[in-house]
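Just so you know, these numbers use all the heavy atoms, side chains as well, and skip hydrogens, waters and symmetry mates.
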Amino acid sequence: MLLSKLIRICIIGKVFITMFLLLANPKSGKAFIFNFTRNIDSIQLIYNDQELRLPGKSFEIGAIVYYKKGKVRKTWNLEEGFLPWFSFNVEVKGGRHFLNKIIINEKLVPSAGKYISVKVWPGKAKDLAKTLLLPLNYEKQIEIVPTSDVTKAPGYSFHYKIIATYDNDIVEEFRNRNWITDTSRFSLRFNGGRVKWGQFIIESDIRKIENHQVDFTAISKLNPECTYTLGIDLDYIANYKLVLSGAGGSWGGSGFSGSSGLSGNDGSDGEDGSNGSDGGRGPDIGVWTDLYFDSLLQMDLLYVYAENLFNKAEYRCLVNPNGGKITVVSRGGAGGDGGSGGSGGSGGKGSDGEWHSVTTQVNDSTEVTKRWQDKGENGGNGGDGGNGGNGGDGGDGGDVYLYFTQDALPFQHLIIPLSEGGSGGSSGSSGSGGSAGTGGTGDPSGSSGSSGNSGWSGNSGSRGIPGYIYIDTTNMIVDMIEYGAVNDLQLFEDEHFLPSNSDSQIKTDTFRYE
């Protein structure tokens, strides 16, 4: 902030100095502004060829004035220059100008093969005009580069950047801005994926991925012939995780606080917080696993089909036994937290004692007045705080049933079943006792009341009990088509079947295979 203010002060100061020099030439005694173009031989326009000239952006120009007697003057934005830009006329085709800045029309997209014309002349001397015909820059090469680890499996995501090399060999990098990719310069095309919150997410439905391949293409808007495609060959080596939970218990309501006592009265007690409800039981889950040989990848893959046995929702994925695995969890719902106890009301302040006075006539010229105050009333007691509600118990974990074909049985260690009880709800906090009311002033003053007692905190809920794990064999034969899509299974919408990196800010869709 301070630096920007100093820069503005310097610029303003330079402008004032320039105007002073223009208005009073000490050698001639005449106004310099009127003879600015007198004896000018020629002008020269200066620009930086390493400054990108792009639609919607600006670049800087400078002017050097050569006089017939050998003097040289420069515009104020050049080193040792002081000539103001309002002494020059600037005509721009393909943009507009502001002082020493040329702002290129944003509609000149694509920019490849296009030019911008800048014509400048001093004062009214248009015969001294110089014209710059400058080509606009454009990308000649772009590249999509992942900036985080790439897991080559459905539903996984990675950050990326786009590196652009321009026709003058300047290189720029485009990264995510506030989790949203800047697409003003590039058109993005996807085959088997999408971009969300600045990350590329591999498609989670294998039916939409052809030949186990995903393509991410960027196309330059400045030069549509400049494209780059990042191809990803899926290998299904991933740590998948399927977590199905019971419903969480509702939180208990907080008790109302007690009201404050009126003058000298006790404050009322705070209400107790209500108990949180228990979490629901986790669903039972059936998991069927088969092994098949994928002819395109030339490798064995595990086909895993899971079903929520409570609501019949279906989940599917492919697992590469050479490095991949899946964890299936049935988790009880968390117990609801207990409500907080209400605070006790404050005791009322005791009333002040009433003042009295008596005047006695001592003699014809003297009176004596006597004043006194009654005893002040006692302050009221603060109300007791309410007790906090108890947290609800966590729901029990559901049972998990694993079934393996004879081909898949040797890989059962890659299907990891877990049943977890839900966490118990937190105890409700106790309500604080009301403050004591102060005694009223008087002779003597009243006594202060007693502060109310704080309530008791509730009890935390208990964690639920895990369910059972069952393992058995099955004769199920998965009818695989081409690259592993499965017949006669309904498509569903769900977001529970997440990859193990789901703690990122991306919520992926469910993996679905048919």
Stepwise ring-ring contact (aromatic ring centres under 6.0 Å, His included) test for Phe174 and Phe186
CA-CA 10 Å; Phe174 295 85; Phe186 304 97; 5.1 Å; yes

Given salt bridge (Lys or Arg N to Asp or Glu O under 4.0 Å), test Arg316 with Glu314 step by step and report yes or no.
CA-CA 7 Å; Arg316 304 167 182 83; Glu314 300 170 336; 2.4 Å; yes

side-chain contact (heavy atoms from CB on, under 4.5 Å) assessment of Leu414 paired with Ile326
CA-CA 6 Å; Leu414 301 179; Ile326 178 173; over 6 Å; no

side-chain contact (heavy atoms from CB on, under 4.5 Å) for Tyr228 and Ile219? Distances and angles first, verdict last.
CA-CA 7 Å; Tyr228 182 86; Ile219 304 170; over 6 Å; no

Step by step, work out the side-chain contact (heavy atoms from CB on, under 4.5 Å) result for Tyr66 and Gln44.
CA-CA 8 Å; Tyr66 297 93; Gln44 178 184 4; 2.7 Å; yes

The test is side-chain contact (heavy atoms from CB on, under 4.5 Å); show your working for Leu45 and Ile64 and say whether it passes.
CA-CA 6 Å; Leu45 299 183; Ile64 302 177; over 6 Å; no

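With rounding to the nearest 0.5 angstrom, the CE atom of Met299 is 5.0 Å from the CG atom of Leu297. Rounded to the nearest 0.5 angstrom, Ser58 OG and Ile102 CD1 are separated by 9.0 Å.
Side chain of Tyr240 to main chain of Leu318: a donor-acceptor pair is present (N/O by atom type, distance under 3.5 Å, no hydrogens or angles). Checked by atom type and distance alone, the side chain of Ser274 never pairs as donor or acceptor with a backbone atom of Gly339 at under 3.5 Å. Proximity of a side-chain donor or acceptor of Asn48 to a complementary backbone N or O of Gln50 within less than 3.5 Å is detected. Side chain of Arg463 to main chain of Gly421: a donor-acceptor pair is present (N/O by atom type, distance under 3.5 Å, no hydrogens or angles). In this structure a side-chain-to-backbone donor-acceptor pair under 3.5 Å is present from Gln298 to Ser295. A donor-acceptor contact shorter than 3.5 Å is absent between the side chain of Glu172 and the backbone of Ile163. Looking only at distances, no side-chain donor or acceptor of Asp294 sits under 3.5 Å from a matching main-chain atom of Leu301.
The two residues Ser330 and Gly282 make their nearest non-hydrogen contact at OG-C, 3.5 Å. When all heavy atoms are compared, the tightest approach of Asp215 to Gly231 is OD1-CA, 3.7 Å. Contact detail for Ala153 and Ile202: the closest heavy-atom pair is O-CD1, 3.6 Å. Closest approach of Gly323 and Asn239 over heavy atoms only: O-OD1, 4.2 Å. The minimum heavy-atom distance linking Leu296 with Asn211 is given by the pair CD1-OD1, 3.6 Å. Contact detail for Leu108 and Gly94: the closest heavy-atom pair is CD1-O, 3.5 Å.
Atom NZ of Lys57 sits in a sparse spot, with 12 or fewer heavy atoms from other residues, nucleotides or ligands closer than 6.0 Å. Atom CG of Asn322 sits in a sparse spot, with 12 or fewer heavy atoms from other residues, nucleotides or ligands closer than 6.0 Å. Other residues, nucleotides and ligands contribute over 12 non-hydrogen atoms within 6.0 Å of the CG atom of Asn311. Residue Lys152 places its NZ atom among 12 or fewer non-hydrogen atoms of other residues, nucleotides or ligands, all under 6.0 Å distant. The number of heavy-atom neighbours closer than 6.0 Å to CZ of Phe310, taken from other residues, nucleotides and ligands shown, is above 12. Counting non-hydrogen atoms of other residues, nucleotides and ligands closer than 6.0 Å to CH2 of Trp251 gives a total of 12 or fewer. For Glu106, the CD atom is loosely surrounded, since the number of other residues' heavy atoms within 6.0 Å does not exceed 12.
A search for side chain to side chain donor-acceptor pair (under 3.5 Å) contacts involving Asn320 returns nothing, not counting sequence neighbours. Every residue meeting the side-chain contact (heavy atoms from CB on, under 4.5 Å) condition with Gln141, not counting sequence neighbours, appears here in chain and number order: Thr165.
Counting only heavy atoms from C-beta outward, the side chains of Asn191 and Val214 never approach each other to under 4.5 Å.
Side-chain rings of Tyr160 and Phe200 stay apart, their centers remaining 6.0 Å or farther from each other.
Checked by atom type, the side-chain pair Glu60/Asn77 shows a donor-acceptor distance below 3.5 Å. No side-chain N or O of Ser429 forms a donor-acceptor pair with one of Ser457 less than 3.5 Å apart. Judged by distance alone, the side chains of Ser435 and Ser346 do bring a donor and an acceptor atom under 3.5 Å apart.
Under a 4.0 Å N-O distance rule, the pair Lys93/Glu91 does not qualify as a salt bridge.
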Under 3.5 Å donor-acceptor pairs involving side-chain atoms of residues 126-140, not counting sequence neighbours:
unit_1, atom_1, unit_2, atom_2, d
Asn137, OD1, Arg53, N, 2.8
Asn137, ND2, Asp167, OD1, 3.2
Glu139, OE1, Ser220, OG, 2.5
Glu139, OE2, Arg185, NH2, 3.2
Lys140, NZ, Asp169, OD1, 2.5

